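The structure under discussion appears below in the form of structure tokens.
Values reported hereafter were calculated over all heavy atoms of this structure, with side chains retained and with hydrogens, waters and symmetry mates removed. Order of the sequence lines fixes the chain letters, A, B, ..., with proteins taken first and strands second; residue numbering starts at 1 for each chain. Fair warning: this is a prediction, and the values are worked out from it, not measured in the lab.
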Amino acid sequence: EAQVTQNPRYLITVTGKKLTVTCSQNMNHEYMSWYRQDPGLGLRQIYYSMNVEVTDKGDVPEGYKVSRKEKRNFPLILESPSPNQTSLYFCASSLSQGATEAFFGQGTRLTVV
Amino acid sequence: QKEVEQNSGPLSVPEGAIASLNCTYSDRGSQSFFWYRQYSGKSPELIMSIYSNGDKEDGRFTAQLNKASQYVSLLIRDSQPSDSATYLCAVKPGNTPLVFGKGTRLSVIA
């Protein structure tokens, strides 16, 4: 089954404690991206990757890092989480950047206290 | 700044009626337009895409695009309570990342 898998689904952490949210897709997609979704602000792109070792900033990259060492995986790293990063996070993938984000992961609800 | 505007709603329609969801965008060079449906607490699901002016129908859904007016809409015929969700309009301005609207919440009343 074609899917984008995120882990964990829910996470409560404390300010400053480094964390990683994993994202994996099994469709051999080139393009992957991370979004955060907040009430009243909609979906905002954090980072995207057009292929292995190629990443770029989206609209709200501050406080986040990503890496793309393998085509299937695109982890999101919060080196020093802060309460304003409490949000619902989605990973998405598509065949290429020219296509739309056809597949979204299940989402990760992160709370930073 | 590329923008996609939607009325946040809620838009309430009775069961069986036509729901009309609207979206405007700022980048005149945009070529690709999409509608996603998102149930509360779930991930967005792509339901329609449209690339040229006019209407595109898929089952109970019709997407309408007017590039001159920078306007895209989604019509849902014979609305069902299961259509109650937030509908996200998304626009792809050329070969750049997707830009999402903030979504319109639709409530179909049985």
Side-chain angles (χ1 to χ4, degrees), chain A residues 2-7 9-10 21 23 25 27 29-51 54-61 66 74 87-111, chain B residues 1-10 21-27 29-52 56 58 61 63 65 72 74 85-106:
Chain A
Q3 58 186 5
V4 178
T5 304
Q6 289 179 233
N7 279 296
R9 295 288 312 279
Y10 302 91
V21 184
C23 174
Q25 50 93 3
M27 297 164 281
H29 282 172
E30 288 186 349
Y31 184 81
M32 298 184 73
S33 56
W34 276 102
Y35 291 86
R36 62 178 289 173
Q37 188 172 37
D38 303 288
L41 297 177
L43 274 165
R44 294 179 293 167
Q45 193 179 57
I46 303 170
Y47 268 95
Y48 63 95
S49 168
M50 290 190 283
N51 215 324
V54 181
T55 63
D56 210 344
K57 296 177 181 178
D59 296 321
V60 287
V66 293
F74 190 43
S87 188
L88 179 58
Y89 292 86
F90 290 105
C91 179
S93 77
S94 63
L95 200 57
S96 69
Q97 191 187 23
T100 187
E101 273 84 327
F103 294 89
F104 277 80
Q106 320 95 301
T108 296
R109 187 165 292 281
L110 172 66
T111 301
Chain B
Q1 179 80 6
K2 300 178 176 71
E3 293 182 344
V4 177
E5 300 286 343
Q6 294 181 257
N7 189 318
S8 62
L21 303 158
N22 304 314
C23 170
T24 59
Y25 59 94
S26 63
D27 190 330
S30 298
Q31 296 296 320
S32 307
F33 307 86
F34 309 93
W35 285 99
Y36 290 79
R37 178 177 61 200
Q38 186 176 24
Y39 293 112
S40 181
K42 302 295 186 183
S43 55
E45 172 193 9
L46 180 65
I47 56 172
M48 288 288 286
S49 58
I50 187 167
Y51 304 96
S52 53
K56 178 182 178 182
D58 184 359
F61 297 99
L65 175 61
V72 58
L74 179 71
T86 296
Y87 289 80
L88 306 172
C89 174
V91 174
K92 206 159 181 63
N95 199 30
T96 58
L98 210 56
V99 179
F100 282 90
K102 294 176 184 176
T104 297
R105 191 155 52 95
L106 172 67

Legend entry - Atom pair OH/CG of A:Tyr35 and B:Leu98 - distance to nearest 0.5 Å: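 Between A:Tyr35 OH and B:Leu98 CG, I get 5.0 Å after rounding to 0.5 Å.
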Inset, instruction - Quick one: pull up OG1 in B:Thr86 and CD in A:Gln37 and give me the separation to the nearest 0.5 Å. - result: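 If we round to the nearest 0.5 Å, B:Thr86:OG1 and A:Gln37:CD are 8.0 Å apart.
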Legend entry - Non-hydrogen atoms of B:Ser43 and A:Gly105 that approach each other most closely: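 Heavy atoms only, the tightest pair is CB-O, 2.9 Å.
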Legend entry - Which atom of B:Lys42 lies closest to which atom of A:Phe90, heavy atoms considered: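 Between these two residues, the closest heavy atoms are O-CZ, 3.5 Å.
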Inset, instruction - With sequence neighbours excluded, tell me which residues meet salt bridge (charged side-chain N to carboxylate O under 4.0 Å, His left out) with B:Arg37. - result: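 Salt bridge (charged side-chain N to carboxylate O under 4.0 Å, His left out) list for B:Arg37, sorted by chain: B:Glu45.
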Inset, instruction - Name all residues meeting the side-chain contact (heavy atoms from CB on, under 4.5 Å) criterion together with B:Pro10; count only those two or more places apart in sequence or in a different chain, and write none if there are none. - result: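 Result, side-chain contact (heavy atoms from CB on, under 4.5 Å) vs B:Pro10: B:Arg105.
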Legend entry - chain A contact via B:Gln38 - which portion, at a heavy-atom distance below 4.5 Å: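 B:Gln38 touches chain A through side-chain heavy atoms alone.
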Legend entry - Residue among B:Pro44, B:Ser49, B:Gly103, B:Ala90 with most heavy-atom pairs under 4.5 Å to chain A: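 Among B:Pro44, B:Ser49, B:Gly103, B:Ala90, the one with the most close pairs to chain A is B:Pro44.
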